[in-house]
Amino acid sequence: MAEPGSEHGTILLIEDNEAHAELITRCFRDQKMAKAIFHVIDGQQALDYLFCKGDFTDPVKCPRPDLILLDLRLPRVDGLDVLKAVKQEPRLLRIPVVILTSSDAENDIARSYDLHANSYLVKPMEFRKFKKMLEDLGLYWLGWNAPSRNGE
Amino acid sequence: MPRQSNQSYLLALSGAGCLAVSAAGIIGTYFGLFFLTSFGPGYKPLSLYGAIIWGILGAVLVLCSVRPPAGATRILFAVILSAVALLSAVNLPISLLGYRSPIENLVNGIAAPYMAAPLAPISPGGEFLRICCAIGLFQFVYAGEMLWETRKGKAFLCLNGLLCITLGMIFILSYLYETPFIPELPVAPIAFASALAGMFAGLGLIAAAGETAFPMLYFSGPSTRARLLRFFVPLTILIVIAQSLLIPALIPFLRINLAVELAVSIVIFCLITVWIVSLVAGGVGQIIDHEKEQREAAEEELRRKHEDLHAAYEQLTATEEELRQNYEELEGSQKELSKSEQMFRMLADFTYDWEYWIDQNGAMVYTSPSCERITGYPPGEFMAFAGLINRIVHPDDLSLFLEHQKRIRDHPQPGELEFRIFCRDGTVRWLGHTCRPISGTRGEFLGTRVSNRDITRRKETEMALRESRAELATAIESMTDAVFISDTRGKFIAFNEAFATFYRCKDKSECKQTLTDYPDLLEVYLPDGSPGSQDTWVVSRALRGETATNAKYTLRRKDTGETWVGSYSFAPIRDEQGKITGSVVSARDITSQNRAEQELKEKNAELERFTYTVSHDLRSPLITIRGFTGLLEEDIQKNDTEKIARDLDRILAATQKMDTLLRDLLNLSRIGRMVNPPEAVPFTAIAQEAVELLDAAVTNQGISVVIDPDMPAVIVDRVRVREAVTNLVENAIKFMGSQPHPEIRIGVQYDGDLPVFFVRDNGIGIDTEYHERIFNLFEKLDAKREGSGAGLAIVKRIIEVHGGTIWVESKGTGFGCTFFFTLPVQGKGETGTHNKGKNGV
């Protein structure tokens with residue numbers, strides 16, 4: 001089990017809502033589980049980041065994430081399209097993608113799993129639960145979950 | 001026995017004589033006159049009783065002369081006559097003794113006061129005569145056929161008559177010669193009148209006896225003897241009477257010796273007699289010779305005639321022989337003929353249909369007995385009156401029938417006709433009539449031969465079939481779905497007007513009638529979109545035995561490109577054995593229904609999306625609020641004032657966001673209801689108003705806005721459409737990007753007749769892949785931008801509520817974009833739908 005503040009722990013947060021993004025980021029920072037959190041605001045940026053295109057060509061500035069937190073409803077490129085792209089790309093498919101969204105629609109859940117999402121989380125309304133969830137999320141995926149090192 | 005005229009005449013005469021005597025007597029007694037008193041003192045007048053009796057006898061004679069008495073008359077006469085005889089029989093001995101009988105006294109007593117003269121007594125002689133006459137008349141009237149017919153009877157009557165005449169004559173002569181009849185008695189014990197009457201009566205009795213009675217029969221007849229007798233006997237009597245009268249008269253004048261006188265008179269009279277006789281004999285001899293000549297001539301003639309007869313007889317025998325031979329031959333051929341006739345009779349009389357032959361004059365020559373079965377009238381009635389046929393034809397069909405008859409008469413040729421008749425019992429039947437003209441061996445027209453068949457049942461079936469066909473056709477025709485029936489080869493044997501409409505033909509006459517013509521006309525697509533070969537078409541499927549309802553096919557006409565969707569129901573038509581004889585198909589155009597369904601699906605999907613979006617987008621700010629509230633708690637505990645301020649900002653921002661969202665939602669929902677009624681507004685005015693509202697932003701960014709003048713007037717809710725244009729311009733401003741000459745143009749271009757409005761900018765443009773998505777609710781291309789993302793959805797809603805369409809064209813990022821939309825224009829009535837070319841089927 002990885003300890004807080006260890007090597008791995010780069011999270012790519014793909015979230016269009018700034019307020020939510022701040023919430024999430026602050027929670028993770030408090031937890032100190034994640035080493036770094038990178039935030040993009042739409043699907044296109046997400047793809048650019050992951051494929052090192054556009055504004056995100058610098059690998060140092062844009063390291064390969066250990067965990068992708070993906071919101072579904074994104075401008076420009078939809079969340080599921082991002083998921084699909086990631087899971088079809090050999091170099092990226094081993095990165096765990098956790099869908100983090102306010103939608104609990106069965107449809108969305110089903111489609112996400114069809115596209116090989118690793119997990120699906122529904123943002124709870126209550127803050128305490130939200131915070132707990134994120135803590136558990138970090139603990140699990142960055143602590144307990146064993147990542148695949150060589151996906152390069 | 002019939003009265004011969006002579007006999008009647010004589011009877012009448014004699015009767016009349018008696019009656020005359022009787023009348024004279026009664027009148028004489030009444031007036032006191034006696035005609036014959038001058039005869040001599042010894043004259044005895046007629047007694048009243050005697051006169052009455054003579055009158056009775058005379059009457060009987062006269063009546064019998066007219067007609068032989070019969071029945072009651074006969075009995076009456078018989079009774080009277082027997083009474084007379086009896087009375088006279090009683091009176092005779094009394095008068096003979098000189099007394100008056102009581103009967104006489106009775107009669108006289110009654111008549112005396114009326115009579116002038118004293119009444120004379122009855123004479124015995126008269127009574128005797130009267131008895132004889134009465135008996136004779138009784139025999140004549142009543143004696144009976146048997147007695148009357150016998151010779152003895154007749155002889156008796158004749159002799160009775162002769163006796164009466166003789167007695168009468170004697171009494172009259174005794175009166176004339178005044179010689180007493182019986183000594184010691186008055187001159188004649190009879191009245192002169194009675195004697196006269198007796199003679200008449202005697203004559204009557206002789207006449208009554210008839211010509212065949214003895215001795216009168218010798219005098220009657222045409223024989224020579226009778227003739228001679230008839231001549232000579234009266235002559236002799238005449239001579240004798242003349243002699244006996246003459247001689248006594250001459251004696252006083254001639255004073256010759258009686259003997260000499262007698263001898264001379266004898267000689268003279270002999271000579272006279274001889275002369276007369278010789279004359280007569282000569283005459284008779286001549287007659288006889290003449291008759292002999294005649295007889296000889298007749299005999300000669302007879303002999304000749306006999307020879308002729310004999311010759312004729314020979315000939316006759318020969319002819320008879322010939323005749324007999326002919327007869328035998330005839331018999332033979334007649335047998336054959338009768339056999340042949342029997343055969344033909346068998347054929348003709350036992351026909352099932354009614355056959356008859358009418359000759360060239362319209363008379364019926366032959367009719368088969370089956371006419372009775374068919375019409376109710378026996379053959380006899382048709383033979384008697386050929387016009388009976390015309391009488392039984394139904395009045396509605398009569399003119400047709402008469403025309404047909406006339407046609408056949410004028411141009412003899414085979415003909416047919418169907419018409420109704422009234423049978424004898426009043427029922428109506430249909431007859432199938434065929435007639436053929438007949439001609440003889442020399443080609444002469446002999447009339448027409450007719451065959452009539454009872455086709456009532458067939459007619460009824462035909463009519464029922466026609467009715468049901470008509471019903472079916474009407475039913476099919478009245479249906480709004482296309483209905484068509486085909487045979488096994490795919491030829492359409494029935495289809496309705498709706499069929500033509502369904503297949504987009506102008507009318508029924510334009511439609512092709514065979515299945516195999518249709519692949520040239522149509523493309524057919526199955527529900528999954530793949531093209532269907534003719535095997536998969538409904539008619540083919542039905543003919544293979546398939547039945548289905550609501551099978552959907554998409555159809556496209558090759559010539560016009562028009563496409564529509566049909567819902568088919570089909571089934572095979574089978575005959576009684578279950579073999580397929582055709583197909584029946586009904587089709588309904590469900591294009592609009594389909595479209596409506598699709599629209600509904602889309603709307604439902606939209607609604608779902610909407611609901612999803614709304615709940616998601618409303619949840620989002622709530623999460624923010626809750627989240628930052630939580631963080632706020634922590635930050636307050638930590639006393640991190642910077643973070644607290646930040647947290648509070650976030651919370652406030654989130655609530656504002658929620659408010660905006662809700663307001664936009666409300667707005668969007670309201671667009672469904674057009675609050676303001678549509679009015680005609682020039683679009684230019686609306687565009688100008690919209691731009692004015694955004695004046696600040698336009699000026700700030702230095703954007704030049706161009707509005708086309710004189711744009712058509714639109715019939716819209718002014719406020720809403722202005723809102724839509726405002727949104728579009730807002731969007732254009734938002735996505736202008738940074739460039740030296742930002743420009744927005746609002747204008748109109750024409751797609752044929754259809755005006756299409758647009759809002760064009762030369763801003764950053766939109767990538768093609770987003771062209772559809774941007775109209776979705778809350779879809780934001782750029783998360784950083786302000787706005788709820790509902791703007792374009794609202795615009796789309798407004799345009800669509802007015803019946804228009806909106807779409808965007810942009811070549812991509814950096815090339816600007818143009819929003820096109822249509823609205824109802826004044827004078828067009830409805831908004832045209834621009835074919836975007838995207839929807840194929």
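Quick note on labels: first sequence line is chain A, next is B, and so on, each numbered from 1. Worth saying up front: this structure is predicted, and the values here are computed from it rather than measured.
- A search for ring-ring contact (aromatic ring centres under 6.0 Å, His included) contacts involving A/F130 returns nothing, not counting sequence neighbours.
- In this structure, B/K638 places its NZ atom where more than 12 heavy-atom neighbours from other residues, nucleotides or ligands lie under 6.0 Å away.
- Under the 3.5 Å distance criterion, the side-chain polar atoms of A/H20 are matched with a main-chain donor or acceptor of B/S620.
- Heavy-atom contacts from other residues, nucleotides or ligands closer than 6.0 Å to CZ of B/R646 number 12 or fewer.
- Here CD of A/E126 is found 11.0 Å from OG1 of B/T629. Values are rounded to the nearest 0.5 Å.
- Only the side chain of A/D30 comes within contact range of chain B, judged by heavy atoms closer than 4.5 Å.
- With a threshold of 4.5 angstrom between heavy atoms, A/A105 approaches chain B through side-chain atoms but not through N, CA, C or O.
- Partners of A/S112 according to the side chain to side chain donor-acceptor pair (under 3.5 Å) rule, which considers only residues two or more places apart in sequence or in another chain, do not exist here.
- Counting non-hydrogen atoms of other residues, nucleotides and ligands closer than 6.0 Å to OH of A/Y113 gives a total above 12.
- In terms of heavy-atom proximity, A/L23 sits nearest to B/L631 at CD2-CD1, 3.4 Å.
- Around NZ of A/K84, the count of heavy atoms belonging to other residues, nucleotides or ligands within 6.0 Å does not exceed 12.
- The salt bridge (charged side-chain N to carboxylate O under 4.0 Å, His left out) analysis of residues 46-59 of chain A, with sequence neighbours excluded, yields no pairs.
- Residue B/D649: no heavy atom, backbone or side chain, is found under 4.5 Å from chain A.
- At a threshold of 4.5 Å between non-hydrogen side-chain atoms, the residues A/K129 and B/R626 do not count as touching.
- Residues from residues 723-732 of chain B never place a non-hydrogen atom less than 4.5 Å from a non-hydrogen atom of chain A.
- In this structure, the separation between CG on B/L622 and NZ on A/K123 is 12.5 Å, given to the nearest 0.5 Å.
- Heavy atoms only, all atoms of each residue included: B/I623 and A/S102 are closest at CD1-CB, 3.7 Å.
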